[in-house]
Amino acid sequence: MKVTLSALDTYETSFTPLVVIELAQDVKEETKEWLKNRIIAKKKDGGAQLLFRPLLNKYEKETLENQNLYLVGASTIRLLLGAEAVGLVKECNDNTMRAFTYGTRQNFKGFDDNNDDFLTMAECQFIIKHELENLRAKDEKMIPGYPQAKLYPGKSLLRRLLTSGIVVQVFPLHDNEALKKLEDTWYTRFTLKYQPIDNIRGYFGETIALYFGFLEYFTFALIPMAIIGLPYYLFAWEDYDKYVIFASFNLIWSTVILEVWKRGCANMSYRWGTLVMKRQFEEPRPGFHGVLGINSVTGREEPLYPSYKRQLRIYLVSLPFVCLCLYFSLYVMMIYFDLEIWALHLHENSGSEWTSILLYVPSIIYAIVIEIMNRLYRYAAEFLTSWENHRLESAYQNHLILKVLVFNFLNCFASLFYIAFVLKDMKLLRQSLATLLITSQILNQIVESLLPYWLQRKHGVQVKRKLQALKADVDATLYEQVILEKEMGTYMGTFDDYLELFLQFGYVSLFSCVYPLAAAFAVLNNFTEVNSDALKMCRVFKRPFSEPSASIGVWQLAFETMSVISVVTNCVLIGMSPQVNAVFPESKVDLILIVVAVEHVLLALKFILAFAIPDKPRHIQMKLARLEFESLEALKQQQMKLVAENLKEDPRESKEK
């Protein structure tokens, strides 16, 4: 029997809460009632057809503080129909990956009508988020009770409620039992082992699982570099000819690991179904605004903003501001060099042990200033990118990443390039590189994980004391969980995590022939980074909504670009070595030509390797080709069926005429 959405009941009072909606304290009752009715209303009436109830009933509100918190869930059938609507891909009994449909549910591996574990909790929460975001205005002109909050047909109600401040936040709840099991296999026991990537994906979704998969892969890929680099530390630093082999290996290594990662990523994303998942049409981002009009592509009424205005904002405001920040970064760098000269003169005059330690102080101070400037610039970049008023979230993210990468690259590496190619002081280059790398790693561990964890533990103790003081005659377990989680910080995505790895990759690859120990320090940091990031996800931040993803996106291109730049820097550094210069004592032109020729040969080798190593393994390519063939055959049969039906109808029409 075919199940339709109209047959589902949305008035269950007891259900498993999956998502929490927090409203502002002063929200009017008519607004609450309207929102509730739209969430539980049937799909055919423009609702989401979900389950909805307040966190506290009217008796509990008298005992506990009313926080304007509401729980959202869904029945099993509603979630399965929602999985079909969002295009989730699942493994079939014949081991192929296909888009899930409720009508063919028995064909999918692990499905049972009496089992609720077919969909992961992360997938269920993603479905609910999708349904809430697709609640759209019909004939309402405004949000009831708020005349200033204008609506138009097709506008996402949740996004309007968020931008109007009526809804404070929407977040998915943790499953404490599943979280405890995940923690036990992930980070609570400090042993050298692979991460449970599939379990991470089941709990947090594909985007976060891919980050931890890349972090683990990158860490293990650094081990050969660390092992090979350690013996070089025993050699005299001035013998640069010894580093030619190491630098050449580094250049091949940086290409191979990125290409092999693509293959591993394709394996994981195919297994999870995101590699063959159809891309959803991208809706306007919540902060997008403009004059109401008709979208020429969708035919829907939505805000329209002229492209030329956005371009004017980018080129007349954002670009000059970024250039000004880059200039300021270079100015701070010159102050750092003045401090280095002062510390060196002081040490030469006194020659004591204290002044030898003082030689490292300017680099440490500069590393701390770099981290502060990076974080301040990040806020400015977010504000500017939002002000540019990009229609799509993908365009917003691309412009933000470009701004941040350009500034962070210059801010972190400009001093190293200046020391290497202007001052030509290799001893200072090694000292600065080591100090910047180690200091930035320590600061990131403290700021990103340890400090937020301490603050969260402190807040948790306060909430528990408050609940004990209330002596409520109710089961406050769920209430306590929701109150604790709503005060947690919001995880802003994997941007900062990938950025940290990107900068680390730069420290390791750009100047490998000068400081081979960089890879060893990176490995040590990443082994602790895995555990601190896991702690951060499980205990410091709210649980993020799952986001389907098939790759690490634009970061793949960023890492590949860094590897190309590393070819140029290492070739020039080797060409500047005294040993190489001794071969060409008279003609520097010949030396430059040879360095350029070697650099071109190595770049050609990189691109040949990138071309020779397929992005997807052969068996994945075959499976994708078969799926494409089957979909084309199904489309062809559907078209033939329509033609046959039309041919049957034609004789009837002629007889009637």
Side-chain angles (χ1 to χ4, degrees), residues 3 5 8-22 39-40 42-43 47-53 55 69-91 97-102 104-105 108-135 158 169-182 196 198-209 271-274 277-278 280 478 481-482 485-486 491 537-538 541-549:
V3 176
L5 284 170
L8 296 180
D9 182 17
T10 56
Y11 293 96
E12 296 180 27
T13 56
S14 178
F15 59 86
T16 302
L18 296 171
V19 174
V20 176
I21 298 177
E22 181 183 4
I39 290 175
I40 67 175
K42 297 184 182 299
K43 289 285 284 185
Q49 208 157 345
L50 300 172
L51 303 174
F52 181 88
R53 70 176 175 86
L55 174 62
L69 296 162
Y70 295 84
L71 307 176
V72 183
S75 64
T76 302
I77 296 176
R78 178 69 186 90
L79 290 170
L80 292 173
L81 293 169
E84 179 178 349
V86 300
L88 285 186
V89 175
K90 290 287 189 178
E91 186 177 7
M97 304 299 295
R98 300 181 189 278
F100 176 80
T101 59
Y102 187 80
T104 60
R105 61 192 182 279
F108 288 87
K109 188 176 289 187
F111 182 84
D112 189 340
D113 286 320
N114 299 320
N115 187 0
D116 295 338
D117 296 334
F118 178 69
L119 297 175
T120 66
M121 191 174 182
E123 289 172 336
C124 294
Q125 291 168 333
F126 170 69
I127 291 166
I128 288 181
K129 179 195 174 194
H130 176 269
E131 295 297 340
L132 290 173
E133 287 184 341
N134 278 275
L135 270 176
L158 182 62
Q169 60 179 334
V170 180
F171 63 92
L173 275 174
H174 275 294
D175 181 341
N176 288 328
E177 185 178 345
L179 182 63
K180 185 68 172 66
K181 290 179 181 177
L182 177 62
D198 286 329
N199 294 340
I200 297 170
R201 176 255 172 181
Y203 194 85
F204 289 110
E206 291 79 15
T207 299
I208 290 172
R271 187 170 72 247
W272 298 336
T274 52
M277 191 174 179
K278 291 182 180 179
Q280 298 286 323
L478 178 61
Q481 180 187 352
V482 173
E485 290 185 24
K486 88 178 186 70
Y491 182 65
M537 294 304 306
C538 294
F541 291 113
K542 294 186 189 74
R543 184 180 187 174
F545 278 106
S546 166
E547 288 294 339
S549 181

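Because the structure is a prediction, the values reported are computed rather than measured. One-based numbering along the sequence shown.
- To the nearest 0.5 Å, atoms CG (D175) and CG (L182) are separated by 10.5 Å.
- Of all non-hydrogen atoms in K542 and H174, the two that sit nearest each other are C-NE2, 4.3 Å.
- To the nearest 0.5 Å, atoms CG (L132) and CZ (F52) are separated by 9.5 Å.
- For G47 against L135, the heavy-atom pair with the smallest separation is C-CD2, 3.6 Å.
- Separation of atoms CD1 (I127) and CG (L80) is listed at 7.5 Å; rounding is to 0.5 Å.
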Output, in order, the C-alpha distance, side-chain angles, deciding distance and verdict of side-chain contact (heavy atoms from CB on, under 4.5 Å) for C538 and F204.
-> CA-CA 10 Å; C538 294; F204 289 110; 4.2 Å; yes

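- With hydrogens and angles disregarded, a donor-acceptor distance shorter than 3.5 Å links the side chain of R543 to the backbone of Y203.
- Interatomic distance, CG of L55 versus OH of Y70, reported as 10.0 Å (0.5 Å rounding).
- E123 places a side-chain N or O within 3.5 Å of a backbone atom of T120 that can act as its donor or acceptor partner.
- Heavy atoms only, all atoms of each residue included: L158 and V170 are closest at CD1-CG2, 3.8 Å.
- I128 CD1 to L50 CG: the interatomic distance, rounded to the nearest 0.5 Å, is 6.0 Å.
- Between V89 and G273 the shortest heavy-atom distance is CB-O, 3.2 Å.
- Between D198 and R271 there is a side-chain heavy-atom pair separated by less than 4.5 Å.
- Considering only heavy atoms from C-beta on, Q169 comes within 4.5 Å of K486 through its side chain.
- Counting only heavy atoms from C-beta outward, the side chains of V20 and L71 approach each other to under 4.5 Å.
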Worked check of side-chain contact (heavy atoms from CB on, under 4.5 Å) between I21 and L69 | CA-CA 6 Å; I21 298 177; L69 296 162; over 6 Å; no

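- Residues L173 and M121 approach most closely at O-CE, 3.7 Å, considering heavy atoms.
- In this structure, R105 contributes its side chain and Y102 its backbone to a donor-acceptor pair below 3.5 Å.
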Passes ring pair (Phe, Tyr, Trp, His ring centres under 6.0 Å), F100 versus F118? Steps please.
-> CA-CA 11 Å; F100 176 80; F118 178 69; 5.4 Å; yes

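- Rounding to the nearest 0.5 angstrom, the gap separating the CG atom in L119 from the CD atom in Q125 is 12.0 Å.
- Dense packing is recorded around NZ of K109, with more than 12 heavy atoms of other residues, nucleotides or ligands lying under 6.0 Å away.
- Ion pair E91/R98 not flagged as a salt bridge, since none of the NZ, NE, NH1 or NH2 atoms sits closer than 4.0 Å to an Asp/Glu carboxylate oxygen.
- A salt bridge links K129 to E547: one of the charged nitrogens lies within less than 4.0 Å of a carboxylate oxygen.
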Would K43 and R78 satisfy side-chain contact (heavy atoms from CB on, under 4.5 Å), going step by step from the backbone distance to the final call?
-> CA-CA 11 Å; K43 289 285 284 185; R78 178 69 186 90; 3.7 Å; yes

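- Considering only heavy atoms from C-beta on, F126 comes within 4.5 Å of P548 through its side chain.
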Chi angles and distances behind the side-chain contact (heavy atoms from CB on, under 4.5 Å) call for M537, I208 | CA-CA 9 Å; M537 294 304 306; I208 290 172; 3.4 Å; yes

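- What you find for A122 and G205 is that their closest heavy atoms are CB-N, 4.1 Å.
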